**Q** 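Have a look at this one.
By convention in this document, chain letters (A, B, ...) are assigned in the order of the sequence lines, proteins followed by strands, and residues within each chain are numbered from 1. No experiment lies behind these values; they were computed from the predicted model shown.
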Amino acid sequence: MDIVKPRTLSGFMELLPEKQLQFDAIADTLREVYKSYGFYPLDTPILEASEILLAKGCGDTELHIYRFTKGDTDLSMRFDLTVPLAKYVALNYGALTFPFRRFQIGKVYRGERAQRGRFREFYQADIDIIGDGELSVINEAEIPAIIYRTFAELGLTRFVIRINNRKLLSGFFDMLGCDIAASDIMRVIDKLDKIGLEKVMEELASLGMGDEGRRLVGGFISQTGSPAQILESLKEYAGRSELFDKGYEELQTVVKYVFAFGVPETNFAIDLTIARGLDYYTGTVYETIMTDHPEIGSICSGGRYDNLAEYYTSKKLPGVGISIGLTRLFFILDDMNYISGEGSPANVDVLVLPMTDDISASIEFSQMLREQGVKTQIYYENKKFKAKIGYADKVSAPYAAIIGEDELAEGKVTVKDMKAGTQQTVPCEEAVGIISQALAARTPHKIIEVKREEV
RNA sequence: GUGGGUAUAGCUCAGUUGGUUAGAGCAUCGGAUUGUGGUUCCGGGGGUCGAGGGUUCGAAUCCCUUUACCCACCCCA
């Protein structure tokens, strides 16, 4: 029989068991934090009718969408979790309570060419707050607070949540009075970090922007410093554009409450060059980068939108939300060696090794352990003892429980501490006590260990 | 979609100006040690050299085609 060479598609992440445990631990942490802020879990299908996902008809996403037909149905794979949310909220409008807070962790698909830190199938971990008709601007301040809480809970310190305001930016572009599309200008200034001010100016010139325009843009995006400093220097643009002034006011409010929510200044900044995904954002926008790996790009982006579900309902549903690129985050952390292998949570606490043909006693003992919350596996294979104990070693089980002829005769079990190499033969009840107590005394495992010295 | 790179054992990679039967480390399996693992020692299995064509007495090596993957751009989590 011909053997098909096994392979995994480019841009698709597939992990070995140990890594998968770590990935799941991170996802679990996100879930817990999201729940602690009152978000409801949501799951939606990976496949949707193409007309749903393509409702917006935005040319670029259309190119990158996985789309196919099965029989007569035109199907597409979701490329984010926001569009499915919009459909869901429009569909279930009557049954939901607003503001509706939902989180969703799921895979999304993009038919782009894969590269470092960039996947074709990846997890997004989204939270969104949807209002009915109106939604307080304070929600826009809570979002960075949740991002901060999430990353802090993971044990991360070296990241920066950067925010900007779309009204502020649009208002400023209005002041320029040039007819270059705002999205084109944004795309250029967004590269400031990467290519520098000089190159940005060159690109603006090639867009056809005049000297005066470039001088203004250059001055605008060169405003840096603490949020307070930037807010101060932005004042000089006030009074010339209603939109700008509105954006300024929002930004001021958001900054005020972000600090009130307890986000440290080291992890938070106003960045006037952020322009991502601005086509549907209408207020605050967010982007989070790892301080040591800015080149990978944002691992958490989002913003305020005024009309989430305009393609699916006439109801006005403003919202604010963000998406953590979980796959990318995991990729970076693993790449930086931040995910601690040492003291990883063992998938099996006790491996029970029956040494006799009849394993009834082992089954009974295992049930006793599981009832105490001890993760227990029985080794059934008819191998030599060496192979059995070797398996316990391979799966990093902290304990092996040996039940052979001698133990059986006395109603006992031999408990071996795999790390210490010591063992004792005691009655089953006592063994359960010894093991569960020892496991309970373990120091809680930290998923992420930031080994690098903070600069 | 554009540009560059790579492809040899399960994995990471050597392989000289083209020259016997293509190697190493790790992994795996067996033995030393039949109820004691991680260390050590010994041994075994595992390759149509990405695919197809060409040049040559002879190709992993040179040429052409093709596919896949990687890196970057675009765009984005």
**Q** Using only modelled atom types and a 3.5 angstrom limit, is any donor from either the side chain of R328(A) or the base of C76(B) paired with an acceptor on the other?
**A** yes

**Q** Hey, are the side chains of M418(A) and I389(A) touching, using non-hydrogen atoms and a 4.5 Å cut-off?
**A** yes

**Q** Looking at every strand, decide which applies to R113(A) at a 4.0 Å heavy-atom threshold: base, sugar-phosphate, or nothing.
**A** base

**Q** Look at all strands and tell whether K194(A) reaches a base, only sugar-phosphate, or nothing, counting heavy atoms closer than 4.0 Å.
**A** sugar-phosphate

**Q** Distances under 3.5 Å between protein N/O atoms and the N/O atoms of nucleotides 42-51 of chain B, please, pair by pair.
**A**
none

**Q** Is L192(A) close to L197(A) at the side-chain level, that is, under 4.5 Å between some pair of heavy atoms?
**A** yes

**Q** From A72(B), A77(B), U36(B), pick the nucleotide closest to the side chain of F385(A)?
**A** U36(B)

**Q** Would the base of G35(B) count as contacting E407(A) through its side chain, where contact means a donor and an acceptor less than 3.5 Å apart?
**A** yes

**Q** By the 4.0 Å heavy-atom rule, please label Y391(A) as base, sugar-phosphate, or nothing.
**A** nothing

**Q** At under 4.0 Å, does any side-chain N or O of Q115(A) touch on OP1 or OP2 of C70(B)?
**A** no

**Q** Excluding sequence neighbours, so at least two apart, what forms side-chain hydrogen bond (donor to acceptor under 3.5 Å, both in side chains) with R110(A)?
**A** none

**Q** Under 4.0 angstrom, heavy atoms only, what part of the nucleic acid is E295(A) near: base, sugar-phosphate, or nothing?
**A** nothing

**Q** For Q104(A) and Y88(A), test the side chains for any donor-to-acceptor distance below 3.5 angstrom and give the result as yes or no.
**A** no

**Q** Write down the protein N/O and nucleotide N/O pairs, taken from nucleotides 30-33 of chain B, whose separation is under 3.5 Å; answer none if there are no such pairs.
**A**
residue : atom : partner : partner atom : Å
G31(B)  : OP1  : K384(A) : NZ           : 2.2
G31(B)  : OP2  : K384(A) : NZ           : 3.4

**Q** Assign K416(A) to base, sugar-phosphate, or nothing according to its heavy-atom contacts below 4.0 angstrom with the strands shown.
**A** base

**Q** Is L353(A) touching bases, backbone alone, or none of the nucleic acid, heavy atoms closer than 4.0 Å?
**A** nothing

**Q** Return the stacking result for A77(B) and F122(A): yes when the ring centres lie under 5.5 Å apart and the planes under 30°, no otherwise.
**A** yes

